[in-house]
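Each ligand, and each atom within it, is numbered from 1 in the order the structure gives.
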Amino acid sequence: MEGKTVYSAIQPSGDLTIGNYVGSIRNWLTLQEEYDCYFAMANMHAITVRQDPAELRRRTLSLAALYIACGIDPEKCALYVQSQVPQHAELMWVLNTVTYVGEMERMTQFKDKSRKHADNINMGLMDYPVLMAADILLFKADLVPVGQDQTQHVEIARDIAIRFNNRFGETFTVPKALIMKQGAKIASLQDPAKKMSKSDENPNASVFLTDDRDTIIRKFKRAVTDSDDRIVVSEDKPGISNLLAIYASFTGKTTEECEKEFEGRGYGEFKLAVGETVADKLAPVQEEQKRILSDKTYLHGVLASGAERAFKVARKTISKVYRKVGFYQGE
Ligand code: TYM
């Protein structure tokens with residue numbers, strides 16, 4: 001433990017994709033060995049788009065089981081559900097008052113989601129980055145390991161922290177996004193210009209962590225590739241570059257090593273190898289997730305102690321913030 005704090009979270013808003021795995025959870029595994037880590041199920045973020053309540057509850061537990069199945073150790077990290085720590089919402093309110101509407105309107109994800117959910121552009125959707133800033137700042141996180149698509153949100157969390165500190169005196173640690181070179185932006189298998197997403201309408205675009213072996217292999221076989229047959233990373237070969245990034249992430253090899261491995265081999269063979277590698281890696285994770293999910297007593301125990309750990313820290317931060325802004329807190 002070097003005394004640094006790490007914070008990250010995932011929304012239980014749909015089945016996770018290999019993009020979520022490669023861009024986030026996989027990187028948490030090494031961080032938990034060194035740092036004080038908090039990993040949450042961001043269910044408060046999830047309701048900014050309509051969710052089925054029973055499904056949300058089920059997905060929250062399923063996500064917790066997945067974290068553990070992937071190797072996140074609940075003894076080392078605080079693993080908890082965001083809504084169980086009320087200080088997230090409390091801090092968000094205060095931070096709202098140092099955040100400008102214009103800044104929120106400019107957020108890429110807000111613009112994308114507003115387009116996608118034009119019938120439900122609610123206040124929560126716009127306030128999403130402030131809630132995320134509250135998550136991070138509540139724990140005085142130094143590092144926030146996320147995929148590329150979340151960098152703008154971490155940037156705004158930095159701005160908010162700096163602004164609050166300037167106005168009220170040193171309170172928050174200014175966090176930094178931790179983006180891995182490899183796999184920070186896994187693209188859709190059907191349109192490599194788009195990121196792979198939980199909510200893509202095309203089921204062949206995303207590989208889900210819950211997909212069975214045949215489905216995984218079939219999706220990779222159908223993946224969009226490029227015209228010639230060289231297996232190299234290149235800007236004009238986004239499909240193949242994406243598959244190489246996935247293969248490298250799942251094997252722990254560098255992309256250069258992967259290029260060498262497939263030199264002179266065809267796309268068909270390459271796509272099959274990627275599919276099989278991903279399927280082989282996910283099979284034991286899926287088994288373990290099922291096993292953990294069947295032991296509800298254990299799972300509820302983990303989440304209760306995670307929430308308790310998070311609550312202790314969060315309570316201290318909020319009390320300090322309330323003091324700084326001049327809120328009456330009793331005698
Ligand atoms: P979410 O749930 O959309 O995604 C979870 C994590 O997965 C990463 N990710 C990807 N990485 C690589 N390639 C992809 N195609 C890909 N798709 C998703 C995301 O960057 C993210 O790291 N707002 C966050 C959740 C959140 C959070 C936080 C994160 C809430 N509070 C505090 C960090 C700190 C989100 O919606 O992630």
Where's the contact between A184 and ligand 1, heavy-atom distance under 4.0 Å: side chain, backbone, both or neither?
backbone
Which atom pair, heavy atoms only, marks the closest approach of A46 to P12?
CB-CD, 4.1 Å
Taking N or O atoms only and a 3.5 Å limit, does D149 qualify as a polar contact for ligand 1?
yes
CA sep, side-chain torsions, deciding dist, call: T317, Q87, side-chain contact (heavy atoms from CB on, under 4.5 Å)
CA-CA 9 Å; T317 308; Q87 288 81 6; over 6 Å; no
Using a heavy-atom cut-off of under 4.0 Å, does the side chain or the backbone of V146 touch ligand 1, or both, or neither?
both
Considering only heavy atoms of K185, which atoms of ligand 1 have at least one such atom less than 4.0 Å away?
12 (C), 13 (N)
Carboxylate-amine/guanidinium proximity below 4.0 Å for D229 and R265:
no
Heavy atom of K198, distance to ligand 1 below 4.0 Å
yes
Without hydrogens or angle criteria, can the side chains of Q289 and S62 be said to hold a donor-acceptor pair below 3.5 Å?
yes
So which atom in L243 and which in K271 form the shortest heavy-atom distance, rounded to 0.1 Å?
CD1-CG, 3.9 Å
Close approach of V144 to ligand 1, heavy atoms, under 4.0 angstrom
yes
For S8, atoms of ligand 1 separated by under 4.0 Å from a heavy atom
33 (C), 34 (C)
Would you please indicate if the ring centroids of Y21 and F250 are separated by under 6.0 Å?
yes
Option among K111, K113, M107 that satisfies the side chain to side chain contact (heavy atoms under 4.5 Å, CB included) test with Q109
K113
Does only the side chain of S24 get under 4.0 Å from ligand 1, or the backbone, or both, or neither? Count heavy atoms.
side chain
Classify the contact between H45 and ligand 1 as side chain, backbone, both or neither, using a heavy-atom distance cut-off of under 4.0 Å.
side chain
Between T215 and D212, a side-chain donor and acceptor under 3.5 Å:
yes
Could you list which atoms of ligand 1 come closer than 4.0 Å to a heavy atom of Y128?
23 (N), 24 (C), 35 (C), 36 (O)
Which one of A9, A187, P129 has a non-hydrogen atom at the shortest distance from atom 26 (C) of ligand 1?
A9
Can you tell whether the side chains of R58 and E55 come within less than 4.0 Å, N to carboxylate O?
yes
Under 4.0 Å from a heavy atom of A42: which atoms of ligand 1 are those, numbered in the order shown and with their elements?
30 (C)
Considering the heavy atoms of G183, write down every atom of ligand 1 situated less than 4.0 Å from one of them.
12 (C)
Hey, does M132 sit under 4.0 Å from ligand 1 if you only count heavy atoms?
yes
Looking at K76, I'd like to know if its NZ atom is crowded, meaning that more than 12 non-hydrogen atoms belonging to other residues, nucleotides or ligands lie closer than 6.0 Å.
yes
Mind checking whether I136 contacts ligand 1 via backbone (N, CA, C, O), side chain (CB onward), both or neither, at a 4.0 Å heavy-atom cut-off?
side chain
For I10, atoms of ligand 1 separated by under 4.0 Å from a heavy atom:
2 (O), 5 (C)
